[in-house]
Protein chains: 2
Amino acid sequence: MLAAERKLRIIELVKHQHVATVADLAKEFQVHEATIRRDLAEIEQEGLLKRTHGGVIVDKGANIEPSFSERVSDQLDQKARIGKEAASLIEDGDHVIIDSGTTTIHIARHLVSRKDITVVTNDINVAAELRDSPGINVIVTGGTLYHSSFMLNGMYTDTLLQSLHVQKAFIGTPAIHPIHGLTHPESQLVPTKQGMIRAAQEIIVVADDTKIGKVSLHTVAPISSIHTFITGSEASESQMKLFRDSGVHLITV
Amino acid sequence: MLAAERKLRIIELVKHQHVATVADLAKEFQVHEATIRRDLAEIEQEGLLKRTHGGVIVDKGANIEPSFSERVSDQLDQKARIGKEAASLIEDGDHVIIDSGTTTIHIARHLVSRKDITVVTNDINVAAELRDSPGINVIVTGGTLYHSSFMLNGMYTDTLLQSLHVQKAFIGTPAIHPIHGLTHPESQLVPTKQGMIRAAQEIIVVADDTKIGKVSLHTVAPISSIHTFITGSEASESQMKLFRDSGVHLITV
DNA sequence: GCAACTTACGTTCAGCTGCTAACAAGGATT
DNA sequence: AATCCTTGTTAGCAGCTGAACGTAAGTTGC
C-alpha cells in the first residue's frame, strides 16, 4: 500500500470511529507504530485530526467536515428556501424518498401539513419531524446508525431500498460538479445514495451553492442521472449555465 | 481506552444523566478515582461541566445541546432507576434489542459511555440517544413510523427482526399480569414485540409499578416466556410474590 | 454551635507506556 | 553508483496512572 493511500484511509477510519490508538492503526495497516506516528503528525499538520497521548481523535475545532450542529445553522436561510421549493414538487398521492441531510430536513418541515404522501427516509431526524403529521405515511429504511449523525446506512438500508419503487427521490450531497456529477468523501455512504437513486423514477438533487463545483473522493452518480437540481440564487450565473448545458433542469430559489 | 476519549465520554455521560459521582465514573471507566478527578479538573477548566463535592454536574451556563426529545413523563425517577439496573445487565460484547418506550429510553441513556455493544431498536429516540457513542453499534429496525410516537413497526420491522439473533431483549409494556403475562391495547404493535421476543435468548421486561396487574386486549407473550422483570420498589409485596411464584426473576430498584 | 467522624480532595512519587529524535536499512529514482 | 524517500530500530525523555498520605469539606451527635 502507498503511504498516501494509508494516510487517506487513516483519516476515513478515524472520522468514522472518532478515535483510534496508534497500536490499533499499526496492526490494521501492518506497519510499525513509528510509521503511524509520522503519518499522524502530517495529518495533524494538515488540521484534519487531533493527536492525543496514545492515539488520535477527530478534531472538533478545526474540522474540514463541520460537525452536525454546525452544519445545521450554516446557510440556514438558503436551505429553508430550497426545502420549500422541493416540497412544492411533491404532489398529493406521491411516494417519495427523502435522503438524510441538513438541507433535506427542510423538505420534511414543509410537508407536515400535507396529506396522502408516503415518505421513505434513512434520516431519523426527518422521520421525527413528520411523526405528528396524520397525512404522511413515514417509512424508515432501517440500518446502522452512522456515528454522530441521524443517518442510517449499511446492508439493511440497501436491502430495503432494493424492494421499493417511488416517483421522486430528493438527494442531498456535499459535492456536485457539472462534469463529475455527485461525489462523496465517505465510501460507506455511497451505496445508500445509489440505492435511493435506483429506486426512484425522478432524481431531484438539493444543495446550497457552496456545494457547487466541489469534487470528493467517491463517485455517487453521473450528472446525467440527475433530472432536477434545486439550489439557492446565490449560485453564480456561470455555474448555473454549466448545469443547464448538461441537460439538468435547474431551479434557483 | 485513550485518555482523550475517556474525557469526551465523561462529558457525554454527564450531559445525558445530568449528574455523576467520582466513584461512579471511576467504576464505569475502570480507572482510579484520582484519574477521574484529574479529568474533571481539566473538563471544568474548559468550562464544559461544573464540579461539586463528590462529583460533577452539568454547567447551567454552558450551552447544552438539547435532547432529541425531552419528554416529560410520569414515574420519571422510577423509570430512570429501572433503566440503570437494566443497563447493568448488559455486558461488553453483548448484542441486545431495546424496545420502544418511555422506560426503555432510560436504558439507552445509561449505555452512552459503554463500548463494544450492539443495540437493535425500533425506537428512533433510542437511536438518537446513542448516536454520539462511538462504542455502541446502533441498528434501527426500519419500518413504518407509528403516528405521534417514535416507534417503528410493520412489515419491514418484522422482516428484519426475523433475521436477527441477540442475547437479550429489553421489552417495555403497558400491561403486565402474573397470570395473563404481557398484553397490549394496539393489535398493530403486537407482532413487533413478539418478533423481538423470538429474536432473543433472554427476555427482560421493564415496567414501572403502575403497569403491574393490568390486562389489555391482545396477548403479546405468556408469563413463562419472561426470564427477568425489572420494576420499581414501589411495587407491593403481594404483587412481587405473584411474579416470583411464576418463576420470573424479579428485580426491584 | 462545636467536636468528632467520615468522606472527598490535592499532591507527590514511582512505575509504566508512549513519544521524540537520531540513525540504519532497504528500495526506487536519477 | 549516488541520492532520496520511506520504514524500522533504539535510547532517552515526557506524560499518564495508581497508590499513599496529609488536608479540606461535609455530616452526625451532643
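In this text the structure is predicted, and so the values were computed from the model without any measurement. A, B, ... follow the sequence lines: proteins, then strands. Residue 1 opens every chain.
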Original post:
Taking atom CZ of Arg131(A) and atom CD1 of Ile124(B), what is their separation to the nearest 0.5 Å?
Top reply: 8.0 Å
Subject >> Result of checking Asp209(B), Ile212(B), Thr252(B) against Glu234(B) for side chain to side chain contact (heavy atoms under 4.5 Å, CB included) >> reply: Asp209(B)
**OP:** May I have the distance from Arg6(A) (atom CZ) to dT6(D) (atom P), rounded to whole angstrom?
**Re:** 10 Å
Subject >> Protein-nucleotide distance (Phe29(A), atom CZ; dT7(D), atom P), rounded to Å >> reply: 12 Å
Original post:
Please give, in whole Å, the distance from dC19(C) P to Ile36(A) CD1?
Top reply: 11 Å
Subject >> For atom CE of Met1(B) and atom P of dC16(D), their distance in whole Å >> reply: 16 Å
Subject >> Minimum side-chain heavy-atom gap Lys7(B)-Ile43(B) below 4.5 Å >> reply: yes
Original post:
OP1, OP2 of dT6(D) versus side-chain N and O of Thr35(A): anything below 4.0 Å?
Top reply: no
**OP:** Working to the nearest 0.5 Å, report the span between CD1 of Ile171(A) and CD1 of Ile197(A).
**Re:** 5.0 Å
Original post:
In whole angstrom, what separates Glu33(B)'s CD from dG18(D)'s P?
Top reply: 11 Å
Subject >> Working for side chain to side chain donor-acceptor pair (under 3.5 Å), residues Lys79(B) and Thr102(B) >> reply: CA-CA 8 Å; Lys79(B) 285 177 179 178; Thr102(B) 54; 2.8 Å; yes
**OP:** Would you give the length of the straight line joining atom CD of Gln239(B) to atom CG of Leu250(B), rounded to the nearest 0.5 angstrom?
**Re:** 10.0 Å
Original post:
Among dT17(D), dT7(D), dG15(D), which is the nearest nucleotide to the side chain of Ala3(B)?
Top reply: dT17(D)
Subject >> Rounded interatomic separation in angstrom, taking NE2 from His32(B) and P from dG15(C) >> reply: 17 Å
**OP:** State whether the distance check finds a donor on one side and an acceptor on the other, under 3.5 Å, for side chain Arg38(A) versus base dG8(D).
**Re:** yes
**OP:** For DNA chain D, find the residues of residues 19-28 of chain B with a heavy-atom distance under 4.0 Å and give them by number; none if there aren't any.
**Re:** none
Original post:
So, does Gln201(B) use its side chain to make a donor-acceptor pair with the main chain of Gln167(B) at under 3.5 Å?
Top reply: no
**OP:** Indicate, with a heavy-atom threshold strictly under 4.0 Å, whether His53(B) touches base, sugar-phosphate, or nothing.
**Re:** sugar-phosphate
**OP:** To the nearest Å, give me how far apart CG (Leu2(B)) and P (dG15(D)) are.
**Re:** 16 Å
Subject >> Along DNA chain C (nearest heavy atom to each residue), the more 5'-positioned of Arg37(B) and Arg51(A) >> reply: Arg37(B)
Original post:
Given atom CD of Glu42(A) and atom P of dC19(C), what is their separation to the nearest angstrom?
Top reply: 16 Å
